[in-house]
J.: 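Quick one: this structure, given as structure tokens, is what I'll be asking you about.
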Amino acid sequence: MSARTVGNAASMKEEPKRPSTAIDRATAQYERLAKSADEVARTVELSADVHEQMTDHNPRAAERAEDLRRLAAAEREAAAAYRRGETPSEEVQQTIRTRGHVPATDSAASS
């Protein structure tokens with residue numbers, strides 16, 4: 001092996017390992033999605049804490065804090081699903097879409 005070949009081999013070892021198969025790439029993508037969902041959940045929890053502190057000044061703050069806690073829980077569930085290599089359930093996706101808000105139901109329409 002020449003010095004040039006050894007140098008090239010060494011430089012190849014320094015390159016970051018890239019996913020080599022479609023499964024590896026999908027796994028890496030799901031992990032990125034899971035990390036993002038975890039970060040969103042943490043941020044939303046902080047927002048819920050702030051809203052809870054505002055309940056003396058804003059009567060709707062407690063309701064919004066509950067919505068935010070539901071959203072954070074849904075984001076954590078989504079992260080868990082991504083780590084299993086799955087997409088989140090439709091229920092979790094809907095909670096995320098509505099930002100944790102549960103629409104009021106019309107009791108007359110449901111009877």
Side-chain angles (χ1 to χ4, degrees):
M1 198 181 246
S2 70
R4 183 178 182 137
T5 305
V6 171
N8 288 340
S11 67
M12 289 192 316
K13 290 179 185 177
E14 293 172 12
E15 291 182 27
K17 184 176 178 183
R18 294 187 179 148
S20 58
T21 66
I23 292 171
D24 292 338
R25 287 189 301 274
T27 300
Q29 181 64 27
Y30 274 122
E31 184 55 31
R32 284 190 294 274
L33 289 168
K35 286 179 180 179
S36 293
D38 284 336
E39 289 297 320
V40 169
R42 277 192 283 281
T43 301
V44 170
E45 281 288 342
L46 290 172
S47 182
D49 291 344
V50 170
H51 279 78
E52 282 181 355
Q53 294 170 7
M54 295 173 39
T55 56
D56 291 341
H57 307 291
N58 182 344
R60 296 193 64 208
E63 178 184 327
R64 184 62 187 139
E66 289 177 23
D67 289 348
L68 290 168
R69 298 239 186 260
R70 275 191 291 277
L71 175 57
E75 289 288 353
R76 285 190 296 274
E77 288 179 41
Y82 291 137
R83 287 196 172 94
R84 291 189 306 269
E86 303 169 359
T87 56
S89 70
E90 185 57 40
E91 180 181 347
V92 167
Q93 291 179 41
Q94 183 61 29
T95 300
I96 292 169
R97 273 188 223 106
T98 61
R99 298 177 53 200
H101 180 69
V102 177
T105 57
D106 183 6
S107 59
S110 62
S111 38

J.: Looking at side-chain heavy atoms only, is the closest gap between Tyr30 and Leu33 below 4.5 Å?
T.: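 Yes. Closest side-chain heavy atoms under 4.5 Å.
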J.: So, using salt bridge (charged side-chain N to carboxylate O under 4.0 Å, His left out) as the criterion, who are the partners of Glu86 when residues are at least two apart?
T.: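 Scan of Glu86 (salt bridge (charged side-chain N to carboxylate O under 4.0 Å, His left out), adjacent residues dropped) gives Arg84.
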J.: Could you give the distance from CZ (Arg64) to OG1 (Thr55), rounded to the nearest 0.5 Å?
T.: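 If we round to the nearest 0.5 Å, Arg64:CZ and Thr55:OG1 are 15.0 Å apart.
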J.: Tell me every residue that passes side chain to side chain donor-acceptor pair (under 3.5 Å) with Asp67, counting only those two or more places apart in sequence or in another chain.
T.: Arg70, His101
J.: How long is the span from the CG atom in Asp38 to the OG1 atom in Thr43, to the nearest 0.5 Å?
T.: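 One finds 10.5 Å between CG of Asp38 and OG1 of Thr43.
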J.: What distance do Glu63 atom CD and His51 atom NE2 have between them, rounded to the nearest 0.5 Å?
T.: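 Reported to 0.5 Å precision, the distance equals 10.5 Å.
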J.: Mind checking side chain to side chain contact (heavy atoms under 4.5 Å, CB included) for Glu31 and listing every partner two or more places apart, or none if nothing turns up?
T.: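 With neighbours one apart ignored, the set is Ala34, Lys35, Arg83.
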J.: Extract all donor-acceptor atom pairs below 3.5 Å that involve side chains of residues 71-82 and protein atoms in other chains or at least two apart in sequence.
T.:
residue: Arg76; atom: NH1; partner: Glu45; partner atom: OE2; Å: 3.3

J.: Any side chain to side chain donor-acceptor pair (under 3.5 Å) pairs touching residues 88-98, not counting sequence neighbours?
T.: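 Listed by first then second residue: Glu90-Arg97, Gln93-Arg97, Gln94-Arg97.
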J.: Are Ile96 and Leu68 grouped together when hydrophobic residues (ILVMFWY) are joined by side-chain heavy atoms under 4.5 angstrom apart?
T.: yes
J.: Which other residues end up in the same hydrophobic cluster as Val50, if Ile, Leu, Val, Met, Phe, Trp and Tyr are linked when side-chain heavy atoms come under 4.5 Å apart?
T.: Met54
J.: Counting only heavy atoms from other residues, nucleotides and ligands, does the tally under 6.0 Å from CZ of Arg42 exceed 12?
T.: yes
